[in-house]
Amino acid sequence: MNTTPLISVSDVAKSFAHQRGVVHALAGCSLDIASGEFVTLIGPSGCGKSTLLRIIGGLLDTDRGKVVVGQRTPRENRAQKRFGLVPQSPALMPWLSVIDNVRLLQQVNRRADSESAKSADPVALLRSVGLEPFLHSYPKQLSGGMQQRVALVRAFALGAPILLMDEPFASLDEITRSSMRYQLLDIWERSGKTVIFVTHSIAEAVMLSDRVLVFGGRPGRIIETVPITLARPRVETMEDSPEFVEHARVIRAALRRGWKQ
Ligand code: ADP
Ligand code: MG
């Protein structure tokens, strides 16, 4: 068995200069992620989650420590288009239809090597999240939840093997949001992609993840790793199970500890 992690973050520190001094966003931050894993980062606002995601994604350099992604630097991976990003807002092109929004990025990101051949069929993906009737609709004709589903499909349609999702459901209402997690899982389970997902929601973290990494603040670092033992595929009724409640309790206790420190 190959036990080398796909993503390895060792003792990373990152500070930012502000008018009133220096903010230590991350210090002593370490984690490993295996290929194909779904890992969630959870923690309060301002604890460095987005900073860590941007470092892994090759958008920001560390002050110290080391990040390796598939034996290369994050910036090399980024140049090879090995990351797909799903931000908080869907960021669709308003003048393009749903299907063209997905296809445009797929074409722009087309890679020369064989991995791009694995990029999925956009129509099949859109069908799997119930958007087939809206292929030729424009973003403004869709609800917020539908737009975010398009953004998810767009990320999965890329050849990129690693998806970085920074609170993609944060702007959705609670009912839409809780159904989105199952749609995401449905696409992810067939994709083989590695996902790092950021959220404030404990329920979302438990239902989605293979492992939940709990952030402590300031400076941000991982204070607890919680393996999620719920079977896959995950279904909504599991949210009432004793196993779910226990995972949620462990995460909540860790968050409380991290907040007090
Ligand atoms: P989170 O995503 O967990 O809410 P962030 O990673 O966005 O937290 O931010 C961590 C800390 O670093 C915050 O105090 C934030 O103000 C600061 N920070 C993040 N990015 C920058 C930046 N580009 N310039 C200055 N400060 C920043
Ligand atoms: Mg953030």
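Atoms within each ligand, like the ligands themselves, are counted from 1 in listed order.
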> Does R234 use its side chain to pair, donor to acceptor, with the backbone of V206 at less than 3.5 Å?
Replying inline: yes
> Is a salt bridge present between E239 and R181, judged by a nitrogen-to-oxygen distance below 4.0 Å?
Replying inline: yes
> Does D166 pair with K49 as a salt bridge, N-O distance under 4.0 Å?
Replying inline: no
>> Tell me the protein heavy atom at minimum distance from atom 15 (C) of ligand 1, and give that distance in Å.
In response: V23 CG1, 4.9 Å
>> Among all the protein's non-hydrogen atoms, which is closest to atom 8 (O) of ligand 1, and how far away is it?
In response: G48 N, 3.2 Å
> Below 3.5 angstrom, do we get any N/O pair linking S50 and ligand 1?
Replying inline: yes
>> Using a strict threshold of under 4.0 Å (side-chain N to carboxylate O), is an ion pair present between R190 and D186?
In response: yes
> With the threshold set at 4.0 Å, does a side-chain nitrogen-carboxylate oxygen contact exist between D11 and K66?
Replying inline: no
>> Please determine whether any non-hydrogen atom of K14 lies less than 4.0 Å from an atom of ligand 1.
In response: no
> What is the nearest protein non-hydrogen atom to atom 24 (N) of ligand 1, stated with its residue, atom name and distance?
Replying inline: F16 CD2, 3.6 Å
>> Among all the protein's heavy atoms, is there at least one whose distance to atom 17 (C) of ligand 1 comes out below 4.0 Å?
In response: yes
> Quick one: does ligand 1 sit under 4.0 Å from the side chain of T51, the backbone, both or neither, non-hydrogen atoms only?
Replying inline: both
>> If I take every N, O or S atom of S50, is at least one of them less than 2.8 Å from the Mg ion (ligand 2)?
In response: yes
> With under 30° as parallel and over 60° as perpendicular, where do the rings of F38 and W188 fit, or are they tilted in between?
Replying inline: perpendicular
> Please walk me through it: do R82 and E76 pass salt bridge (Lys or Arg N to Asp or Glu O under 4.0 Å)?
Replying inline: CA-CA 9 Å; R82 300 190 80 238; E76 285 165 343; over 6 Å; no
>> If we only consider heavy atoms of G46, is any one of them less than 4.0 Å away from an atom in ligand 1?
In response: yes
>> Which residue and atom name correspond to the protein heavy atom nearest atom 26 (N) of ligand 1, and how close is it?
In response: H18 NE2, 2.9 Å
>> Quick one, Q141 and F134 - any side-chain contact, counting heavy atoms below 4.5 Å?
In response: no
>> I'd like to check which ligand 1 atoms, numbered from 1 as shown, lie under 4.0 Å from a non-hydrogen atom of S45.
In response: 4 (O)
